[in-house]
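Worksheet: the structure to be examined is printed underneath.
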Amino acid sequence: MSPGALPGFRDFYPTELAERSFIFGGWREVAREYGFVEYDGPPLEPLDLYTKKSGAEIVDQLYNFTDKGKREVALRPEMTPTLARMVAARANAMRKPVRWFSIPQLFRYERAQRGRLREHFQLNMDIVGEADVSADAELIASAIDAMRVFGLTNEDVVARVSDRRLLNALLRGIGVPEQQLGAAYAALDKLDRDPRDVLEQRLETAGVGSEPRARLFELARAAANESDFARLVRDAGASAEYDELRRYLAHTEALGVRDWVRLDLSIVRGLAYYTGIVFELFDAKGELRAICGGGRYDTLLESLGGVSLPALGFGMGDVVLGELLRARGKMPPAAPALDVWVAYGESGSVESAMRVAAKLRARGRSVEYALGHQKLARQLKAAHAAGARQTVVVATPELSDGEAMVRRMADGGEQKVQLDAWIASE
RNA sequence: GUGACCGUAGCUCAAUUGGUUAGAGCACCGGACUGUGGCUCCGGGGGUUGUGGGUUCAAUUCCCAUCGGUCACCCCA
């Protein structure tokens, strides 16, 4: 094997780039429908933009180096800090709420695995300046429509939703003290992965009593059943927080995405900065990694940018989504790129084709012809191989001056035309 | 960062459990079908068997290392 791209990095051959463009096109379409405008920032940022809030450990996971001006820099691993800086700098001048989206290429220095490379593109959609749960509903609806736009349904993808505020109230209500919240979150996060007794053991080690432990598992199980869950919520004294979540769910109904959404307390999301409703999108078969994740982070802009504004957003990577679209047959075949192939017979030359091509191109058509000198039969073969929509043949002995033969590739229909008139109609 | 499995042509795979010059299909390039098309036929290019060592008369095959891929941890996006 000749050396390829760096580990975890991809070469995009035309086939792959066509798929990438298809995904980006769907994303931009949905962002537009929801009134989001596109922005971008630098792919290289000061290292402390990321260490300031995530701590020095984060450096292990970054592509970072010292530049020639002795600055500590890093390739961006996520877009939110850049967004926070940009919004904070002009916060007063912008109409709220701000709806911004971006499709940055992000970098993480980690061992590559399926669905998880060292580089990927990620749709980021964020709303800044709105604290009401209607914004949360709007956000998850846009993420779900970013599935629909590719022909995926709620048979293919499920949105799992939790709420940090509700969860905190519940955990306090069942007797988990503040300093044990982290352990409780970790256990919830691992609910599907690790067996119950392992989780119990960990919680016990963290100091969580047996009564709160039992109620924790009861809560997680009950989330799927609304009446059971409502009772547990009342018992834990978290009714106010639950009412907010129910308002959110009602909004998703109004937005037409309720049947994609499932309440699931095991959705914790690693990022510590989430403060409210959080969600993830998974393929329904559970074969792939998360497609998308996001939520509300009302305090992040203040800590990163010094401006206190409520905010929420999600990131959706191109790698897992691409795998899902291929697996479900939703990736379209490459469309024919060529409008016209120009071929010439033996009473002409390559310049006969060039003159026609130049006129067609001036009219905006995509046109190719055989370079060098080739026999007509070969030119026609090439026209077929190139996938041209139609072929125009000029300069054969059968044609008089100014005439051409046009053939549509789709149905093989052929007709003799006046060349200049035909070009003018193309 | 830790552990497990796997590396043969651009792709999918062969090579009689160590034995001649590592093959086939697809793809690509060219020729024929004496100049209007997806067919057919013929030919061609392309591999240091991921790389480097070791064992052996002999290594794609066995051993070690390394690089890469995959998977599980870790962590998250």
Side-chain angles (χ1 to χ4, degrees), chain A residues 1-11 13-16 50 54-55 57-62 75-81 103-124 143 186 189-190 193-194 198 267-274 278 280-282 287-295 313-321 323 341-348 370 372-388 390-399 404-416:
Chain A
M1 294 274 177
S2 55
L6 287 168
F9 284 76
R10 297 169 288 176
D11 287 330
Y13 286 84
T15 307
E16 286 95 51
Y50 306 110
S54 307
E57 325 75 81
I58 192 79
V59 176
D60 295 341
Q61 321 238 6
L62 296 181
L75 291 169
R76 59 186 175 194
E78 56 167 327
M79 199 57 178
T80 308
I103 307 181
Q105 189 174 23
L106 305 177
F107 306 87
R108 294 288 282 242
Y109 195 87
E110 290 182 328
R111 194 138 140 193
Q113 286 185 40
R114 181 175 183 215
R116 189 167 173 191
L117 308 174
R118 286 183 168 179
E119 145 276 319
H120 73 156
F121 291 89
Q122 189 186 65
L123 170 66
N124 273 248
D189 190 35
K190 292 279 181 276
R193 297 223 66 83
D194 295 337
V198 172
I267 296 304
V268 170
R269 313 265 321 133
L271 297 176
Y273 55 68
Y274 286 114
V278 293
E280 294 189 345
L281 263 49
F282 287 89
E287 293 165 351
L288 305 173
R289 293 167 185 280
I291 300 161
C292 166
F314 70 79
M316 179 185 295
D318 70 315
V319 180
V320 176
L321 178 58
E323 284 175 359
W341 183 283
V342 185
Y344 58 93
E346 72 169 9
S347 48
H373 177 73
Q374 291 182 15
K375 285 193 284 192
L376 183 54
R378 179 156 290 282
Q379 294 180 52
L380 296 170
K381 229 170 240 189
H384 178 260
Q390 50 189 346
T391 301
V392 56
V393 181
V394 299
T396 68
E398 294 77 28
L399 295 166
M405 194 64 84
V406 175
R407 175 176 278 205
R408 290 186 305 274
M409 305 299 267
D411 57 12
E414 193 174 53
Q415 66 178 130
K416 195 180 279 188

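Note on naming: letters A, B, ... go to the chains in the order of the sequence lines (proteins, then strands), and numbering restarts at 1 for each one. It should be emphasised that the depicted structure is a prediction, and the values quoted were computed from it without experimental measurement.
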- Query: Of the nucleotides B/rU36, B/rC71, B/rC75, which has the atom closest to the A/Leu380 side chain?
  - Reply: B/rU36
- Message: Taking 4.0 Å as the cut-off, does a side-chain nitrogen or oxygen of A/Gln61 come that near to OP1 or OP2 on B/rC76?
- Response: no
- Message: Roughly how many Å apart are B/rU55 and B/rC75, using the C1' atom of each and rounding to a whole number?
- Response: 42 Å
- Note on the structure: To the nearest angstrom, the OH-P distance between A/Tyr344 and B/rU36 comes to 15 Å
- Note on the structure: In terms of heavy-atom contacts, A/Tyr274 and A/Gly294 come closest through OH-CA, 3.5 Å
- Message: Do A/Asp318 and A/Ile103 have side chains that approach each other closer than 4.5 Å (heavy atoms only, starting at C-beta)?
- Response: no
- Using only side-chain N and O atoms of A/Lys375, determine if any of them is under 4.0 Å from OP1 or OP2 of B/rA32. yes
- Identify which nucleotide among B/rU70, B/rC73, B/rC75 has an atom closest to any side-chain atom of A/Arg114, counting heavy atoms from C-beta outward. B/rU70
- Pair partner, B/rU70 [Watson-Crick or wobble, under 3.5 Å]: B/rA4
- Message: The side chain of A/Arg108 is closest to which nucleotide in this list: B/rC76, B/rC71, B/rU36?
- Response: B/rC76
- Task: For nucleotides B/rC67 and B/rG50, find the distance between their C1' atoms and express it as a whole number of Å.
- Result: 7 Å
- Which nucleotide in the set B/rC75, B/rA72, B/rU36 lies at the smallest distance from any side-chain heavy atom of A/Arg116? B/rC75
- Name the residue closer to the 5' end of RNA chain B, choosing between A/Leu399 and A/Arg118 according to the nucleotide with the nearest heavy atom. A/Leu399
- Item | Whole angstrom value for the distance that separates P of B/rG1 from OH of A/Tyr109 | 7 Å
- Can you name the closest pair of heavy atoms from A/Gly115 and A/Val319 and give their distance? CA-CG1, 3.5 Å
- Rounded to the Å, how far apart are A/Gln113 CD and B/rA4 P? 15 Å
- Given the C1' atoms of B/rC11 and B/rG52, what is the spacing between them in whole Å? 28 Å
- Item | A/Gln122 vs A/Ala383, nearer the 5' end of RNA chain B by closest nucleotide | A/Ala383
- Counting side-chain heavy atoms from CB outward, which of B/rC76, B/rC39, B/rA72 is closest to A/Lys381? B/rC39
- Query: What's the shortest heavy-atom distance between A/Glu110 and A/Arg118, and which atoms?
  - Reply: O-NE, 2.6 Å
- State, to 0.1 Å, how close A/Arg289 and A/Gln113 come at their nearest heavy-atom pair, and which atoms those are. NH2-OE1, 2.9 Å
- Task: Once you apply the 3.5 Å cut-off to both distances, tell me the Watson-Crick or G-U wobble partner of B/rA27, or none.
- Result: none
- Query: With a 4.5 Å heavy-atom cut-off, do A/His384 and A/Thr391 have their side chains touching?
  - Reply: no
- Base-pairing assignment for B/rA9 (Watson-Crick or G-U wobble, both under 3.5 Å): none
- Please give the nucleotide sitting opposite B/rC76 as a Watson-Crick or G-U wobble pair, both distances under 3.5 Å, or none. none
- Query: Tell me: CD of A/Glu110 to P of B/rC75, nearest whole Å?
  - Reply: 11 Å
- Query: Looking only at atom C1', what distance separates B/rA27 and B/rG38, rounded to whole Å?
  - Reply: 16 Å
- Donor/acceptor link under 3.5 angstrom from A/Arg111 side chain onto base of B/rG3: yes
- Point-to-point distance, once rounded to the nearest 0.5 Å, from CZ of A/Arg407 to CH2 of A/Trp341: 16.0 Å
- Answer with base, sugar-phosphate or nothing: what part of the nucleic acid does A/Gly8 contact at a heavy-atom distance below 4.0 Å? sugar-phosphate
- Message: Under 4.0 Å, counting only non-hydrogen atoms across every strand here, what does A/Leu321 touch: a base, just sugar-phosphate, or nothing?
- Response: nothing
- Item | Candidates B/rU36, B/rC71, B/rG30 - which lies nearest the side chain of A/Leu376 | B/rU36
- Whole-Å distance, A/Gln390 CD to B/rU36 P, equals 21 Å
- Item | Selected nucleotide, minimal atom distance to A/Arg378 side chain, candidates B/rC74, B/rG30, B/rG38 | B/rG30
- Message: Rounding to an integer number of angstrom, what distance separates B/rC26 and B/rG68 when you compare their C1' atoms?
- Response: 26 Å
- Note on the structure: If pairing means Watson-Crick or G-U wobble with both distances under 3.5 Å, then the partner of B/rA58 is none
- From the list B/rA32, B/rU36, B/rG69, which nucleotide is the closest neighbour of the side chain of A/Pro7? B/rG69
- Watson-Crick or G-U wobble partner for B/rU51, using a 3.5 Å limit on both distances? B/rA65
